[in-house]
Visitor: 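Following this message is one structure expressed as structure tokens.
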Amino acid sequence: EFVGLQERADMANKHKGDIFICIHANASENKESKGSEVYALGLHREDSQRRVADRENDAILMEDNHKTKYSDFDSNDPDRYIFVNFLSKTHLNNSLNLAEKITKNFQKTDGLIDRGVKQAGFLVLHQVNMPSILIETGFLTNKEEEHVLNDKEKQTAIAKAIFDAFVDYKTEVESKNGTVSNNNTVEKEKEKVVEKEKNNTN
């Protein structure tokens with residue numbers, strides 16, 4: 001089911017989310033491109049980052065009435081990215097913190113090649129009022145990574161890497177804010193992930 005970029009952000013904002021995690025699979029005309037990347041909202045620093053953002057932002061073309069719906073967003077307008085850069089600074093530290101934790105876990109996940117943390121002007125991140133990241137798990141256009149991303153066991157390992165990073169991030173932020181994590185709930189959720197991983201292995 002396709003959910004529009006604005007609708008994804010609206011759901012997160014409506015439910016007053018504390019963090020927004022958008023998980024994608026990448027693609028490239030270069031069939032040799034491979035590796036996972038984690039993005040926070042910011043200015044493109046390299047052509048490769050701009051191309052990834054442009055490709056993801058082009059998803060709006062699949063939406064009805066997109067010209068009216070996204071009339072204030074022009075990916076070719078440099079002023080727009082000055083505004084994006086301003087918005088990103090509000091939650092940037094927390095976004096980058098979570099992104100770094102995920103990439104560290106990806107580095108320990110068999111089958112993944114980590115390409116690090118980057119910043120780019122993703123429309124879906126620019127619309128949410130909270131720390132936000134976009135994860136590119138790998139390239140479906142690369143035969144080797146297509147196999148990894150379609151493997152149930154590898155999918156569970158990728159999900160666990162993201163989940164464990166989130167738990168570490170949540171614990172760290174709550175500790176700084178002086179709030180107490182519900183450790184029982186966290187441990188139960190971890191147990192569910194481990195149990196699911198065992199079942200998939202069996």
Visitor: So for atom CG, which belongs to D151, do other residues, nucleotides or ligands contribute more than 12 heavy atoms lying within a distance under 6.0 Å?
Guide: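 For D151, atom CG is crowded (more than 12 foreign heavy atoms under 6.0 Å).
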Visitor: Using the test side chain to side chain donor-acceptor pair (under 3.5 Å), find all partners of D10 that sit at least two apart in sequence or belong to another chain.
Guide: Q6
Visitor: Determine, stepwise, if the pair L149 / I158 fulfils side chain to side chain contact (heavy atoms under 4.5 Å, CB included).
Guide: CA-CA 9 Å; L149 296 177; I158 292 169; 3.9 Å; yes
Visitor: For side chain to side chain contact (heavy atoms under 4.5 Å, CB included), just list the numbers for F166 and I162, CA-CA rounded to whole Å, side-chain angles, deciding distance to a tenth of an Å, and then say yes or no.
Guide: CA-CA 6 Å; F166 168 74; I162 297 169; 5.6 Å; no
Visitor: When rounded to the nearest 0.5 angstrom, what is the spacing between NE2 in H91 and CG in D18?
Guide: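 H91 NE2 to D18 CG: 10.5 Å, rounded to 0.5 Å.
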Visitor: Hey, could you give me the CD/OG distance between E145 and S33, rounded to the nearest 0.5 Å?
Guide: 9.0 Å
Visitor: State which residues pass side chain to side chain donor-acceptor pair (under 3.5 Å) with Q155; sequence neighbours excluded, sorted by chain then number.
Guide: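 Here no residue qualifies.
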Visitor: How many angstroms lie between atom CD of E37 and atom CG of L134, to the nearest 0.5 angstrom?
Guide: 10.0 Å
Visitor: Can any side-chain N or O of S175 pair as donor or acceptor with the backbone N or O of T171 at less than 3.5 Å?
Guide: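 A pair under 3.5 Å: no.
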Visitor: Which atom names give the shortest non-hydrogen contact between K154 and V148, and what distance separates them?
Guide: CB-O, 3.2 Å
Visitor: Report yes or no: do Y39 and I113 belong to one cluster of Ile/Leu/Val/Met/Phe/Trp/Tyr joined by side chain heavy-atom distances under 4.5 Å?
Guide: no
Visitor: Treating T156 as the side-chain partner and K152 as the backbone partner, does any N or O pair qualify as donor plus acceptor under 3.5 Å?
Guide: yes
Visitor: Taking N142 for its side chain and K31 for its backbone only, find out whether a donor-acceptor pair lies under 3.5 Å.
Guide: yes
Visitor: Who pairs with K143 by salt bridge (Lys or Arg N to Asp or Glu O under 4.0 Å), at least two apart in sequence or on another chain?
Guide: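 Testing K143 for salt bridge (Lys or Arg N to Asp or Glu O under 4.0 Å), a comparison that skips the adjacent residues, returns E146.
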Visitor: Supply the atom-to-atom distance I135 CD1 to H24 NE2, rounded to the nearest 0.5 angstrom.
Guide: 9.5 Å
Visitor: Do T141 side-chain atoms and S28 backbone N/O form a donor-acceptor pair below 3.5 Å?
Guide: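 At least one qualifying donor-acceptor pair exists.
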Visitor: Could you list the residues that satisfy side chain to side chain donor-acceptor pair (under 3.5 Å) with Q107, not counting sequence neighbours?
Guide: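 Result, side chain to side chain donor-acceptor pair (under 3.5 Å) vs Q107: D114.
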Visitor: Considering all heavy atoms of both residues, which atom of T109 and which atom of A157 are nearest to each other, and what is their separation?
Guide: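 Heavy-atom minimum between the residues: CG2-CB, 4.0 Å.
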Visitor: Go through the structure and list residues passing salt bridge (Lys or Arg N to Asp or Glu O under 4.0 Å) with E100, not counting sequence neighbours.
Guide: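 E100 satisfies salt bridge (Lys or Arg N to Asp or Glu O under 4.0 Å) with no residue once adjacent residues are dropped.
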Visitor: Do you know the tightest heavy-atom contact between T137 and A25?
Guide: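 Minimum heavy-atom contact is OG1-CA, 3.9 Å.
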Visitor: Return the minimal non-hydrogen interatomic distance between I102 and A165, and the atom names on each side.
Guide: CG1-CB, 3.5 Å
Visitor: Quickly, which of L41, L98, I23 forms a side-chain contact (heavy atoms from CB on, under 4.5 Å) with I133? Name it, please.
Guide: L98
Visitor: Closer than 3.5 angstrom, by distance alone: can the side chain of S95 be matched with the main-chain N or O of S132 as a donor-acceptor pair?
Guide: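 Pair found, side chain donor or acceptor close to backbone of S132.
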Visitor: Can you list the residues that meet the side chain to side chain contact (heavy atoms under 4.5 Å, CB included) rule with N97, with sequence neighbours excluded?
Guide: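 Only K101, Y169, E172 meet the side chain to side chain contact (heavy atoms under 4.5 Å, CB included) criterion with N97.
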Visitor: Can you see which heavy atom on L92 is nearest to which on A40, and at what distance?
Guide: CD1-CB, 4.2 Å
Visitor: Roughly how far, to the nearest 0.5 Å, is the CG atom of L112 from the NZ atom of K34?
Guide: 11.5 Å
Visitor: Mind checking the CE-CG spacing from M130 to L125? Nearest 0.5 Å is all I need.
Guide: 11.0 Å
Visitor: Check the surroundings of atom CG in D110: do more than 12 heavy atoms from other residues, nucleotides or ligands lie under 6.0 Å from it?
Guide: no
